[in-house]
Each structure stands twice: as structure tokens, then as C-alpha cells.
Amino acid sequence: MKAEDVLQLEKELSFETFDNEDVYNIAGNIVKRIKDEKIKNIRMRVILNNELVYQYLMNGKKGEYWLNRKQNTIEKYGHSGYYMFLENEENGTYKEIEEDENYVLCGGAFPIIVKGKMIGCFIVSGLAHEEDHQLIVDALKEYKERIEK
């Protein structure tokens, strides 16, 4: 996957409206998938309109270090953590934050975009960073397909 592919996903997985009920439904689907497929437990946080609307540390998960770093990164730059990782690998675009412990260049934070504006983000930590990213993307795709029927 290339950085431009992830940028395209950000556009495709945007919404006309999005609220706390949407967060609850998507987050619940992510947790259900983790349990059903017996995937390693995760930490998850969802921010909407600058408010924490969902956070869940599954059994055995402690701490918020990676959630905080991923949240700081997406809120500062407005793009998926996986996009930033790939863009940095391809072009060195984000070299200035590679050693900054407040940020992290990896997948697992994805923007919630409504009418072209980022209003929040989904953050997952606990798997390989590409898998954190894919877990969110899959859940957003599935939800969007369901509500557009």
C-alpha cells in the first residue's frame, strides 16, 4: 500500500453525518470482531468533536501511552497514522517527529471526516500497527456500506 492509497481511503470513508451512536455501533463491531476471531485484545479510543466518547481497554490491556501518542499525531496533522507512516517512509515528510515521544508514526489512528472536515478519530492499539489500521478501516467500510443501503 502507498500513502496515496490511504489518503484515498480517508476520502472514501467520510460521512455526511456522524454522532456518538455511530461511534458506539462501530466500536462495538470492532470489539465483536476481536472476540469472534480470537484476535489479540486491544485498546480503543474514539474522539468526536474534541470529546472522549468511547474508550475500552480489553482484558489484559493497561495504559494509554500508545493511544495518547496516536491521538496527538492525528490531531496535529489531520491524517491517518498509517498514511503518515507511509508518507514518511516514501518521502521523509515527518522526520521532525520521529524521535518525539509525544507523537508516533504508525497505523492505528484514522480520522472521522464529515463533509470534508475531520471531527474526530478512531484509535486502536495492541496489534501490529498495520493491523490496528486495518481493523478500523474494515469496521468503517462495513458500517458505511450498511447505512448507505
Side-chain angles (χ1 to χ4, degrees), residues 1-89 94 97 101-149:
M1 184 170 279
K2 294 185 177 285
E4 63 190 45
D5 299 327
V6 181
L7 270 185
Q8 185 60 38
L9 272 176
E10 289 180 13
K11 291 176 185 154
E12 290 172 12
L13 297 176
S14 64
F15 296 84
E16 287 299 307
T17 63
F18 203 91
D19 61 21
N20 294 19
E21 192 71 18
D22 297 309
V23 169
Y24 178 78
N25 288 321
I26 294 167
N29 287 340
I30 291 172
V31 171
K32 182 179 182 330
R33 178 176 174 197
I34 292 283
K35 290 178 178 181
D36 288 351
E37 296 180 20
K38 295 179 177 38
I39 300 171
K40 186 175 161 190
N41 284 354
I42 61 163
R43 299 166 195 83
M44 183 174 17
R45 176 184 293 165
V46 186
I47 305 295
L48 196 57
N49 300 313
N50 297 313
E51 295 286 334
L52 173 64
V53 295
Y54 186 94
Q55 183 161 304
Y56 181 47
L57 287 89
M58 296 181 78
N59 289 337
K61 293 296 175 186
K62 296 180 180 160
E64 300 177 301
Y65 179 73
W66 288 103
L67 292 173
N68 293 341
R69 290 180 74 187
K70 289 179 182 192
Q71 182 178 342
N72 291 343
T73 305
I74 194 169
E75 287 180 346
K76 180 172 181 168
Y77 294 97
H79 286 291
S80 155
Y82 197 48
Y83 162 77
M84 293 181 61
F85 168 80
L86 293 170
E87 177 65 20
N88 196 59
E89 291 285 303
Y94 300 102
I97 64 168
E101 295 219 359
N102 294 305
Y103 303 98
V104 64
L105 293 171
C106 69
F110 198 89
I112 300 168
I113 299 172
V114 173
K115 296 181 181 175
K117 181 177 180 231
M118 185 176 114
I119 64 162
C121 56
F122 272 84
I123 306 158
V124 168
S125 178
L127 308 174
H129 79 107
E130 302 92 345
E131 294 173 306
D132 288 342
H133 168 81
Q134 198 60 50
L135 199 59
I136 300 166
V137 166
D138 290 347
L140 290 173
K141 276 183 182 175
E142 177 186 305
Y143 189 72
K144 189 167 181 167
E145 288 170 6
R146 193 169 11 141
I147 64 172
E148 289 180 348
K149 285 186 178 180

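Each side-chain hydrogen bond (donor to acceptor under 3.5 Å, both in side chains) pair with one or both residues in residues 102-126, not counting sequence neighbours, appears once here: Asp100-Asn102. For the ring-ring contact (aromatic ring centres under 6.0 Å, His included) condition, the pairs that include at least one residue of residues 11-32, sequence neighbours left out, are Phe15-Phe18. Sorted by first and then second residue, the side-chain hydrogen bond (donor to acceptor under 3.5 Å, both in side chains) pairs involving residues 3-17 (not counting sequence neighbours) are Gln8-Glu12, Glu10-His79.
Closest of all the heavy-atom pairs between Met118 and Pro111 is SD-CB, 3.6 Å. Minimum interatomic distance between Val6 and His133 (heavy atoms only, all atoms of both residues): CG1-CE1, 4.0 Å. Here the closest non-hydrogen pair linking Cys121 and Ile123 is SG-CD1, 3.8 Å.
Residues satisfying the side chain to side chain contact (heavy atoms under 4.5 Å, CB included) criterion with Lys141, sequence neighbours excluded, are Leu9, Leu13, Val137. Residues that satisfy the salt bridge (charged side-chain N to carboxylate O under 4.0 Å, His left out) test with Glu148, not counting sequence neighbours, are Lys144. For Lys61, there are no salt bridge (charged side-chain N to carboxylate O under 4.0 Å, His left out) partners, not counting sequence neighbours. In this structure, the side chain to side chain contact (heavy atoms under 4.5 Å, CB included) partners of Tyr77, at least two apart in sequence or on a different chain, are Thr73, Met84, Tyr94, Glu96, Ile97. By the salt bridge (charged side-chain N to carboxylate O under 4.0 Å, His left out) test, Glu64 is found to be paired with Arg45, residues two or more places apart in sequence or in another chain being considered. Residues forming a side-chain hydrogen bond (donor to acceptor under 3.5 Å, both in side chains) with Glu51 (at least two apart in sequence, or on another chain): none.
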- Should Ile113 and Ile119 be marked as a side-chain contact (heavy atoms from CB on, under 4.5 Å) after you check the CA-CA gap, both sets of side-chain angles, and the distance that decides it? CA-CA 6 Å; Ile113 299 172; Ile119 64 162; over 6 Å; no
- Between Ile42 and Lys40, does a side-chain contact (heavy atoms from CB on, under 4.5 Å) hold up when you go through it step by step? CA-CA 7 Å; Ile42 61 163; Lys40 186 175 161 190; over 6 Å; no
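With rounding to the nearest 0.5 angstrom, the CZ atom of Arg43 is 10.0 Å from the CG atom of Leu127. The distance from atom CG of Leu105 to atom OH of Tyr82, rounded to the nearest 0.5 Å, is 13.0 Å. If you take CD1 on Ile47 and OH on Tyr54, they are separated by 13.0 Å, rounding to the nearest 0.5 Å. Between the CG atom of Leu48 and the CG atom of Asp22 there is a distance of 8.5 Å, given to the nearest 0.5 Å.
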Which pairs would a plain distance check flag for residues 26-35, meaning a side-chain donor or acceptor within less than 3.5 Å of a matching protein atom at least two apart in sequence or in another chain?
from: Asn29; atom 1: ND2; to: Asn25; atom 2: O; distance (Å): 3.3
from: Lys32; atom 1: NZ; to: Asp36; atom 2: OD2; distance (Å): 2.5
from: Arg33; atom 1: NE; to: Glu37; atom 2: OE1; distance (Å): 3.3
from: Arg33; atom 1: NE; to: Glu37; atom 2: OE2; distance (Å): 3.2
from: Arg33; atom 1: NH1; to: Asp138; atom 2: OD2; distance (Å): 2.9

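No donor-acceptor pair under 3.5 Å is formed between the side chain of Lys70 and the backbone N or O of Val104.
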